[in-house]
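Data first, discussion second: the structure below is written as structure tokens.
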Amino acid sequence: MSKPKVLITRADIPKKGLNMLNEKCELEIWPKNCPMPRDELLKKVSGKDALLCLLTDKIDKEVLDAAGPSLKIIATLSAGHDHLDLSEIKSRGIKVGYTPGIGTEATAELTVALLLATSRRLFEAHGEVINGGWRKCAWSPTWMNGWGLRGSTVGVFGFGSIGQAVVRHLLGFGVKRFIYTSRSPKKEGTELGALYVSFDELLRESDFIVITCALTDETREIFDDEAFAKMKKSAIIVNIARGGVIKQEALIKALKTSQIRAAGLDVMTPEPLPTDHELIGTPNCIIMPHIGSAEVTTREEMATLTAANIIAGLEDTTMPEKLC
Ligand code: DGY
């Protein structure tokens, strides 16, 4: 009997996941470590039983039409799924697998790194070592002073597993108050000593704002001019969720006019950001290339879960993480 056909849109899928699939399926793998060009995706998805995609692949009606009726499973190697047209996928009865939860700790860890890098000016300080600034002052009482987390109010926007993990990771930093905004109060908030507040209150009260929500119609560009105007001038914002949650022109304006102090971004619009993009030239902005979950064990686990989702979907058994 012939094996089910699976299209994989990237070469560097961790081996453990690929080996699992290789045993049971016929794989066609895009041979490069960059996104599969759209025309290739449309060509190669045709007649496949399953598609293993990444958050860089937009899976919409056009792709589904190109795939044809054979496509039964889409498994994304990501927790986020804003790149998938779910209503179109659902209407065709295609099952969707994803990888929620696995990247939580790694992403929370990177959030802490961004909070420290922005508040303690780590990249600027490193620049001083390279550009000779350090040699001019040796050690000086106010030189390279930053603003610690101790005694601060940290506001978390979106209080799912990552938001909660960020609070947990920060418990040792002497933060005075944790507040959060989400659809409704959560018992985990109470357990962690974090207070549920309105969006307005979060904006006005926070010294640090951490964005960890999903990108939805409700959250798209919710951080706009009006929101930045409500924030403290000393506020630092960190986004590890999706770039689309922030209206980027508003952020650039807020940073350039010192409406807020700094930003640490792991996500932005577009990704990858062109090297001549205004945001890159903005000195009080630290940018990472979407590496929240880029940690060896995490990515291996994401790959094995994605493979398990595909195999279960194809064998019509329970998918370990089924989105729909
Ligand atoms: C996800 O899984 O959606 C993350 O953004 C990947 O880093």
Side-chain angles (χ1 to χ4, degrees), residues 8-14 16-18 33-36 51-60 73-86 89 96-115 117 156-166 169 182 210-223 237-246 248 263-273 286-310 319-324:
I8 300 179
T9 64
R10 194 69 63 92
D12 71 335
I13 304 295
K16 280 189 184 171
L18 274 187
N33 289 340
C34 61
M36 194 169 182
L51 171 65
L52 189 164
C53 65
L54 309 183
L55 52 84
T56 44
D57 305 308
K58 191 171 166 45
I59 307 302
D60 56 9
I73 321 290
I74 296 171
T76 182
L77 196 151
S78 64
H81 44 78
D82 47 288
H83 55 298
L84 308 176
D85 183 340
L86 289 182
I89 293 171
V96 178
Y98 69 141
T99 64
I102 293 178
T104 297
E105 298 304 315
T107 308
E109 199 170 83
L110 188 86
T111 307
V112 175
L114 280 171
L115 282 168
V156 183
F157 183 73
F159 207 60
S161 64
I162 297 177
Q164 293 164 27
V166 170
H169 280 57
S182 62
V210 177
I211 303 175
T212 69
C213 63
L215 177 64
T216 62
D217 288 344
E218 230 178 310
T219 61
R220 191 177 308 277
E221 300 199 340
I222 190 164
F223 285 84
I237 190 165
V238 166
N239 186 7
I240 54 83
R242 285 292 182 264
V245 178
I246 293 182
Q248 211 154 264
L265 309 177
D266 186 41
V267 290
M268 67 243 44
T269 316
E271 292 178 18
L273 206 58
I286 288 177
I287 298 177
M288 291 292 130
H290 202 149
I291 56 164
S293 65
E295 187 266 329
V296 176
T297 313
T298 303
R299 287 285 165 85
E300 269 178 12
E301 287 172 4
M302 287 169 78
T304 51
L305 175 55
T306 307
N309 275 335
I310 290 179
M319 286 164 74
E321 288 293 355
K322 185 169 183 254
L323 184 62
C324 63

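Both counts, for ligands and for their atoms, begin at 1 and track the order of listing.
Listed by chain and residue number, F157, F199 satisfy the ring pair (Phe, Tyr, Trp, His ring centres under 6.0 Å) test with F223 (two or more places apart in sequence, or in another chain).
The contact shell of ligand 1, taken as protein residues with any non-hydrogen atom closer than 4.0 angstrom, comprises L55, S78, A79, G80, R242, H290, S293, R299, M302.
Within the 4.5 Å cutoff, side-chain heavy atoms of L305 are placed close to those of P320. Proximity of H81 to V96: side-chain heavy atoms (C-beta onward) are nowhere separated by under 4.5 Å.
With L51 as the fixed residue, the side-chain contact (heavy atoms from CB on, under 4.5 Å) test singles out one of T76, D57, I73, T9: T9.
For T212 (side chain) and G158 (main-chain N/O), a donor-acceptor pair under 3.5 Å exists by modelled atom type.
One side chain, T56 or R10, offers a donor N or O that lies under 3.5 Å from an acceptor on the other.
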